[in-house]
Protein chains: 2
Amino acid sequence: MSVTIRDVAQASGVHVSTVSRTFSAPHLVNAETRTRVLAVAEQLGYRPNRAARSLTTGRTNNIGLIVADLANPFFPPLIKAAQAAARRQDYHLFVADTDENPAEEEDLVLAFSKQVDGIVLCSPRLSNKALEKLAKRVPFVLVNRRIRGLTTVVMDVAQGARAAMEHLAGLGHRRVALVSGPSGSWTSGEIRKAVLETPDLETVVIGPNSPTEEGGLAVAAQVAEAGVTGVLAYNDLVAIGLIEGLGALGVGVPGDISVIGFDDSITGRLYRPKLTTVAMPAGDAGRMAVDLLVQSMSAATVLETHLVVRESTAPPKGVP
Amino acid sequence: MSVTIRDVAQASGVHVSTVSRTFSAPHLVNAETRTRVLAVAEQLGYRPNRAARSLTTGRTNNIGLIVADLANPFFPPLIKAAQAAARRQDYHLFVADTDENPAEEEDLVLAFSKQVDGIVLCSPRLSNKALEKLAKRVPFVLVNRRIRGLTTVVMDVAQGARAAMEHLAGLGHRRVALVSGPSGSWTSGEIRKAVLETPDLETVVIGPNSPTEEGGLAVAAQVAEAGVTGVLAYNDLVAIGLIEGLGALGVGVPGDISVIGFDDSITGRLYRPKLTTVAMPAGDAGRMAVDLLVQSMSAATVLETHLVVRESTAPPKGVP
DNA sequence: TTGAAAGCGCTAACAG
DNA sequence: CTGTTAGCGCTTTCAA
């Protein structure tokens with residue numbers, strides 16, 4: 001095998017415990033000794049074995065990150081920020097993908113549990129009860145799901161949805177549709193509530209839908225026939241799929257119908273028409289979740305969202 | 001702490017080694033005993049501690065995956081497939097991001113080395129020499145980088161680039177530009193070579209460039225003034241940035257200039273005009289890399305690429 | 001400030 | 001088929 005603490009001890013003429021201390025409690029060791037040990041370690045290419053360390057300390061310095069779908073453009077910025085935050089604090093990040101499958105989600109949490117100090121669970125599809133039970137086995141923080149008593153980081157989608165509705169109302173729209181997300185999604189529920197409470201706007205809810213381009217595409221005809229002039233979609237992908245589908249039906253965006261997305265993903269930002277969308281602070285959420293775990297703090301954090309107006313919204317036909 | 005093999009042994013009235021065998025060599029244990037142990041384990045919520053296991057076996061059942069930029073849409077499909085492949089074989093996947101920084105890349109490899117059975121290094125920016133040296137410390141497979149003697153999975157970008165050039169030539173273009181990628185990029189070099197060898201086409205190389213939308217945007221003016229009617233961009237993001245920049249200059253795509261991307265990313269597929277692009281089998285590469293690592297096989301694999309013709313290419317002006 | 005010794009949870013010979 | 005034993009690489013009392 002490779003070079004161990006013992007090799008370093010031997011080569012530098014001290015006991016293994018001194019070498020150990022040099023790395024995990026440097027202040028407890030004589031400066032000269034430390035320098036020497038460090039030099040030898042460097043020269044031998046010694047790296048502490050974290051598995052062995054974790055066996056004695058009970059800590060792994062690993063964090064697990066579980067998302068619904070790695071290929072959904074919403075997640076990569078979150079993962080990127082989480083990884084950077086972890087790395088800054090000398091943690092490593094496991095990443096896994098549930099494919100929107102609650103059973104897989106539970107399996108993954110359990111599989112990770114012995115190997116991590118905590119888990120970041122993004123947009124979990126598991127029931128509250130299941131989540132509460134799991135929380136007893138391993139610390140975790142929930143992203144975009146709020147459960148009393150658990151540590152959470154949520155983005156204020158209700159506020160974002162309200163802003164979107166107000167934008168539509170301000171443009172002169174009166175009857176709009178919400179193309180909602182998957183049924184297990186907490187954010188979709190929050191958005192729904194916020195939308196239905198909006199005054200001055202008659203809202204029809206279409207869904208649940210898959211949170212993908214296909215999801216949007218599939219309801220295009222339904223939207224076209226709903227007699228609405230504006231739409232709030234569950235996310236940018238759904239919005240784009242919808243716009244594509246509408247286009248195929250000869251319905252223009254924003255000419256005939258205005259469409260607003262959610263996420264402010266790179267895909268939506270570059271799409272034409274450039275998507276009006278609710279920006280989600282995914283990077284902030286990833287970073288905060290990791291920080292909360294590392295500091296093992298419990299908290300219920302709410303992150304602001306905001307509307308980004310671009311080119312997929314306009315006044316309804318007939319309104320100047 | 002949590003429930004260990006000892007608790008299970010005690011509760012089921014057998015020795016720890018029997019419990020151990022029940023999990024790691026089930027065929028060596030009496031069916032009845034096994035059933036009983038499994039039942040007790042299940043009931044106690046026992047999960048083997050992989051860190052402890054790895055200490056004795058020398059294997060971790062972990063794999064590290066290092067990419068240049070998690071937020072680049074090229075990588076998520078690769079990561080997703082790699083994770084799925086790992087999970088299928090009971091491996092966990094560490095993911096990290098180097099931000100295109102070679103020093104960070106090396107650090108990450110070293111940091112992972114003791115905690116994984118192998119590393120998948122995607123589009124590394126490190127020198128051949130540095131990579132060869134690292135390969136002595138931990139097994140890895142290189143994706144999109146070819147070095148003799150190391151295990152590699154590369155996508156045949158040269159072939160893809162040739163197909164793109166032939167498509168352009170077939171459309172009637174005679175003078176084109178290659179908007180290349182970062183200088184350390186192996187794929188960019190391969191593409192460059194292939195492009196310059198293409199007959200019947202006069203090619204000007206513009207770059208190196210950052211592999212992002214900004215990279216493309218930044219050279220739009222240069223492209224507009226290069227007297228070319230076609231462009232092959234390093235990736236979809238660069239292509240899109242370029243098209244945006246060209247648009248701002250009043251140059252239409254594909255009306256005035258045809259643009260081809262690379263990757264066939266979701267962002268390019270949804271963009272308007274829908275991007276003509278060279279499809280890269282990123283998922284296959286991720287899966288194969290993990291499989292090679294798990295089977296600890298060495299090989300030099302080449303994956304096919306293919307041109308997807310969509311709407312960002314057309315005959316040059318004046319050619320019907 | 002350093003050394004000695006025990007032990008983290010598990011596996012792998014080796015006996016029986 | 002099952003129990004015994006030693007030990008993986010490291011940290012952590014406890015003494016010196």
Side-chain angles (χ1 to χ4, degrees), chain A residues 1-38 40-41 44-62 90 110-117 137-138, chain B residues 1-38 40-41 44-62 90 110-117 137-138:
Chain A
M1 295 263 309
S2 58
V3 27
T4 81
I5 204 176
R6 206 125 34 199
D7 303 319
V8 179
Q10 199 153 27
S12 46
V14 297
H15 196 266
V16 290
S17 49
T18 304
V19 179
S20 172
R21 277 188 284 260
T22 305
F23 287 93
S24 37
H27 59 280
L28 291 181
V29 52
N30 181 299
E32 272 178 46
T33 321
R34 195 194 317 151
T35 326
R36 185 155 41 91
V37 170
L38 252 17
V40 172
L44 260 40
Y46 168 75
R47 295 256 159 175
N49 180 325
R50 298 170 80 145
R53 173 180 292 175
S54 84
L55 207 47
T56 36
T57 59
R59 302 185 50 246
T60 62
N61 267 34
N62 291 152
D90 198 31
L110 259 16
F112 277 164
S113 65
K114 281 293 180 16
Q115 216 173 175
V116 300
D117 295 337
R137 305 199 46 168
V138 52
Chain B
M1 293 266 308
S2 56
V3 27
T4 79
I5 203 175
R6 205 124 38 201
D7 303 320
V8 178
Q10 199 153 29
S12 45
V14 297
H15 196 267
V16 290
S17 51
T18 302
V19 178
S20 171
R21 276 188 284 260
T22 305
F23 288 93
S24 37
H27 58 283
L28 292 182
V29 51
N30 182 299
E32 272 178 44
T33 322
R34 195 194 319 152
T35 326
R36 184 155 40 93
V37 170
L38 252 17
V40 173
L44 259 43
Y46 169 75
R47 293 259 159 173
N49 180 325
R50 299 170 78 141
R53 172 180 293 176
S54 85
L55 207 47
T56 37
T57 59
R59 302 185 49 246
T60 61
N61 268 37
N62 290 154
D90 198 32
L110 259 15
F112 277 165
S113 65
K114 281 292 181 16
Q115 214 173 172
V116 300
D117 296 336
R137 305 199 46 168
V138 51

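Just so it is clear: chains get the letters A, B, ... in the order the sequence lines come, proteins before strands, and each one is counted from 1. Atoms considered below: every heavy atom in the structure, side chains included; atoms not considered: hydrogens, waters and symmetry mates.
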Exercise for the section: Look at the side chain of B:R47 and the base of C:dG9, then say whether one donor and one acceptor between them are separated by less than 3.5 Å. Expected result: no

Exercise for the section: Return the value, rounded to whole Å, for the distance between atom CD1 of B:I5 and atom C1' of C:dA12. Expected result: 12 Å

Practice task
Determine: side-chain N/O of B:T56 to OP1/OP2 of D:dC8, distance under 4.0 Å, yes or no.
Solution key: no

Handout entry: Side-chain (A:R137) to main-chain (A:S113) donor-acceptor, under 3.5 angstrom
Key = no

Exercise for the section: Please determine, by modelled atom types, if A:N62 and B:Q115 share a side-chain donor-acceptor pair under 3.5 angstrom. Expected result: yes

Fill in the blank from the handout: By nearest-heavy-atom nucleotide on DNA chain D, the more 5' of B:R34 and B:L55 is B:R34

Fill in the blank from the handout: Value for CD (B:E32) from CZ (B:R36), rounded to nearest 0.5 Å, stands at 8.0 Å

Practice task
Could you check how far CG of B:N49 sits from P of C:dC10, rounded to whole Å?
Solution key: 6 Å

Problem - A:V29 side chain, from C-beta outward: closest of C:dC8, C:dT2, D:dG9 - result: C:dT2

Handout entry: Atom pair distance, as rounded to whole Å: CZ in B:R36 and C1' in D:dT2
Key = 11 Å

Problem - Nearest to side-chain heavy atoms of A:H15, which nucleotide of D:dC1, C:dA5, D:dC8 - result: C:dA5

Exercise for the section: For C:dA4, take OP1 and OP2 only and decide whether either is under 4.0 Å from a side-chain N or O of A:S17. Expected result: no

Fill in the blank from the handout: A:N30 has its side chain closest, among C:dG9, C:dA12, C:dT1, to C:dT1

Practice task
Rounded to the nearest angstrom, tell me the gap between atom CG in A:L28 and atom P in D:dT13.
Solution key: 12 Å

Handout entry: Residue met sooner reading DNA chain D from 5', once B:H27 and A:R53 are mapped to nucleotides
Key = B:H27

Exercise for the section: Specify the separation, in whole Å, of atom CZ of B:R50 and atom C1' of D:dC8. Expected result: 18 Å

Practice task
Describe the nucleic acid contact of B:Y46 in one word from base, sugar-phosphate, nothing, applying a heavy-atom distance below 4.0 Å.
Solution key: sugar-phosphate

Practice task
Check whether any side-chain nitrogen or oxygen of B:S24 sits under 4.0 Å from OP1 or OP2 of C:dT11, and answer yes or no.
Solution key: yes

Handout entry: Nearest non-hydrogen partners of B:A51 and B:N49, listed with the distance
Key = N-OD1, 2.8 Å

Completion exercise
Note: for A:T18 and B:V19 on DNA chain C, the residue whose nearest nucleotide lies more 5' is A:T18

Completion exercise
Here the distance between atom P of C:dT2 and atom CD of A:Q10, to the nearest Å, is 18 Å

Fill in the blank from the handout: Heavy-atom closest pair (B:L55 atom, A:A52 atom, distance to 0.1 Å) is CD1-CB, 3.6 Å

Fill in the blank from the handout: Testing D:dG9, C:dC14, C:dA4 for proximity to the side chain of B:R21, the answer is C:dC14

Problem - Gap between atoms CZ and P, on A:R6 and D:dT11 respectively (whole Å) - result: 12 Å

Exercise for the section: Looking at every strand, decide which applies to A:T33 at a 4.0 Å heavy-atom threshold: base, sugar-phosphate, or nothing. Expected result: sugar-phosphate

